[in-house]
Amino acid sequence: MDQLKNSFKIAQIIARNLTGDEDAALKKELENWIGQSADRKSLVEQITDQKSLRTELSELEQMDTESALLNVKKRIQEAGTTLAVKNTPYLWYRIAAAAAILCIVGFSFLYYSARHAPVQISDFTKQDIEPGGNKAYLILASGKRLSLNDAVNGQLAKEAGVEITKTADGQLVYKIQEAVSTTLLSNTIETPKGGQYQVLLPDGSHVWLNSASKLIYPVSFSKKSVREVQLSGEAYFEITKDKAHPFIVKSLGQEVEVLGTHFNINSYQDEPGVKTTLLEGSVKIQQRSGRMVVLKPGQQALGSSEGINVTTADVETSVAWKNGDFVFKQESLGSLMRQISRWYNVEVSYADESSKAVVLSGYISRSRKISSVLERIQSTGKVKFRLEGRNILILPQT
Amino acid sequence: MDSYTQFSDFELVALLRNSDERAFDLLFRRFYPSLCFFARRFVSVEGMAEEVVQDSLFKLWQRRKDFENYNAVKAFLYISTKNACRDGVDQEQRKLNRDNQWYLQQEIMEQDAEDHMIKAEVLMEISKVINQLPEQCRRVMKMSYEQGMSGKEIAEIMGVSVSTVNNQKARGLSLMRKSLSVENLSLAVFLLSIADTFGKNFLRN
């Protein structure tokens, strides 16, 4: 209770501050409270931000308090009269009727439970697996391989001519300094299974690299007529506009050419084709075979050896990984497990291959341990998991 | 203006205990918007936040005899709203599971709940004191705080001089400061067992 009480008090002090209050003792108290964690500082900044305060106050203003009050008063009255009912002539009929309904409900419940026996959830938490994190390797043109882990190593960064910074939401960003040399050499950033990373290219373009992916980029962009990178795996790109220097992403048998836009490319070897999803701007996709399409925002191209198929994209699903979520809409278990395997660095095998075709929908944060994800999928009653070390065996649910 | 605004928070709770409906109305009007704001942070289904909050306020009336002080009322409202949001989410989840979907709302994290509550409380305090201002003053503060209008714009709309607007603003702020007096804060000392129980639940859930 003390904490709750304290929160109320803090809210009152913040409100007073907003009215320009100068009470020194209260100010000190608020400062002490803020001083206890960095999160509190940003919370108070967020609350007192004039613009959001305005929006939120008008959100409050727009609520229909009066009709809500009427609703509740009606309920109070009804509750009052129901309690006051005594000696109703047909009371016995009513009790009998209620009992009958209870019986029916009860039986159907039993029937339902028997048919849908509760799913046995194995306890995955005993040998849980942590989610992936910010992990990547930088491979220099010289062949030297450096680890870019959560722990920032200042010296390492300096040597390699990069800057590693932390964004407001705790993501590590690897910023490549524009090299002064005229070299045409390339560096590589590679994420392992269970890793992800953000890269800021020298032209200001921002790349989010998903697990088990690789981005090859030139040490210097400035001497080239096009900005060209190579991708394997999955990445989300926010490309800085530069009409004079088109940006080209080469991946698995195709080239995507853009001027300045936001898009996602999923080009894992084990996926059925290369998926390019466009969020903003426009991109041109050209396959090695010569086939070419131009995408509009909100469209997705699935490129395979049979050509390029353009459909309306589910943008939320396509870039969920970048926002820290898994989002599946009518997706096959096979596809879903491939994503889980990359993020949790686990191997997946099937007792019965036909399980791969089970279709599921749902979403869950990527920051959760594997137990939460497996339990959630298992709760649909469609499949069962057996987790041993880093191996998941999928059993059909009988 | 409602004459009940003259009562202190402590007196309002005493009136509520005595089944005074006007005290309930006032508390309802005061907390409904900020509780809805709070609930909307946890549930996204249209209309569900409002339903949950109305339920909490209904329960407040049913249990009106139990509250010894203002903080206990607030604690009850926020805790039962938060718990109902979580249960509502569970229900949605069960429904989805039956439809062969799996789904997990981000769990309601204790820290988030506390942050949202502080925010909702700040908004409640501010709008409470704005609404207690005298008519002209209130209009000026609303236009300035909620619509972000400049002194000049407000003067034009109200047909008064800019200096009148500025005076009203200064007066409004000073009245608001007074309403948000430290006296209210010192009431936090009166805490009884019921509030403690809620507090523990709040922290545990």
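Computation of the quantities below employed the complete heavy-atom set of this structure, encompassing side-chain atoms and omitting hydrogens, waters and symmetry-equivalent molecules. We name chains A, B, ... by the order of the sequence lines, and we start the count at 1 in each one.
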Intermediate values then yes/no, side chain to side chain contact (heavy atoms under 4.5 Å, CB included), A/I76 and B/F24: CA-CA 12 Å; A/I76 290 174; B/F24 176 74; 3.9 Å; yes
Near A/R338 CZ, under 6.0 Å, is it more than 12 heavy atoms from other residues, nucleotides or ligands? yes
Just do the side chain to side chain contact (heavy atoms under 4.5 Å, CB included) check on A/L4 and B/E114 with the steps written out, would you? CA-CA 8 Å; A/L4 195 55; B/E114 200 190 316; over 6 Å; no
Of the non-hydrogen atoms in B/M124 and A/L60, which two are nearest, and what is the gap between them? N-CD2, 4.4 Å
When rounded to the nearest 0.5 Å, the distance separating CZ of A/R75 from CD of B/Q62 is 7.5 Å
Neighbour count >12 (heavy atoms, 6.0 Å) for atom NZ, A/K41: no
Within 6.0 angstrom of B/E153 CD, more than 12 heavy atoms from elsewhere: yes
Ion pair present between B/K119 and A/E56, side-chain N to carboxylate O less than 4.0 angstrom? yes
By a 4.5 Å heavy-atom criterion (distance strictly below it), what part of A/D39 contacts chain B: side chain, backbone, both, or neither? neither
Closer than 4.0 angstrom, basic N to acidic O: yes or no for A/R40 and B/D115? no
Could you check if a side-chain atom of A/E61 sits within less than 4.5 angstrom of a side-chain atom of B/P33, using non-hydrogen atoms only? no
Contact summary for B/I118 and A/I14, nearest pair of heavy atoms: CG2-CD1, 4.2 Å
With heavy-atom distances below 4.5 Å as the criterion, would you say the side chains of A/R16 and B/M176 are in contact? no
To the nearest 0.5 Å, how far apart are OG1 in A/T65 and OH in B/Y32? 6.5 Å
Please list, in residue-number order, every residue in residues 42-50 of chain A that has a heavy atom less than 4.5 Å from any heavy atom of chain B; write 'none' if there are none. A/L43, A/Q46, A/I47
Is the closest basic N to carboxylate O distance between B/R177 and A/D23 below 4.0 Å? no
Go through the steps for A/M63 and B/E50 under the test side chain to side chain contact (heavy atoms under 4.5 Å, CB included), then give the verdict. CA-CA 9 Å; A/M63 288 175 193; B/E50 290 76 6; 5.5 Å; no
Check whether any side-chain heavy atom of B/V122 lies under 4.5 Å from a side-chain heavy atom of A/I10, and answer yes or no. no
Output for pair (B/D25 CG, A/K73 NZ), nearest 0.5 Å, gives 3.5 Å
Heavy-atom count around B/K65 NZ within 6.0 Å, excluding the residue itself: above 12? yes
Looking at B/E121 and A/K5, is any side-chain nitrogen of the basic one under 4.0 Å from a carboxylate oxygen of the acidic one? no
Taking atom CG of A/L18 and atom CD1 of B/I126, what is their separation to the nearest 0.5 Å? 4.5 Å
Examine whether an atom of A/Q62 lies under 4.5 Å from a heavy atom of chain B, and if so say whether it belongs to the side chain, the backbone or both; otherwise answer neither. neither
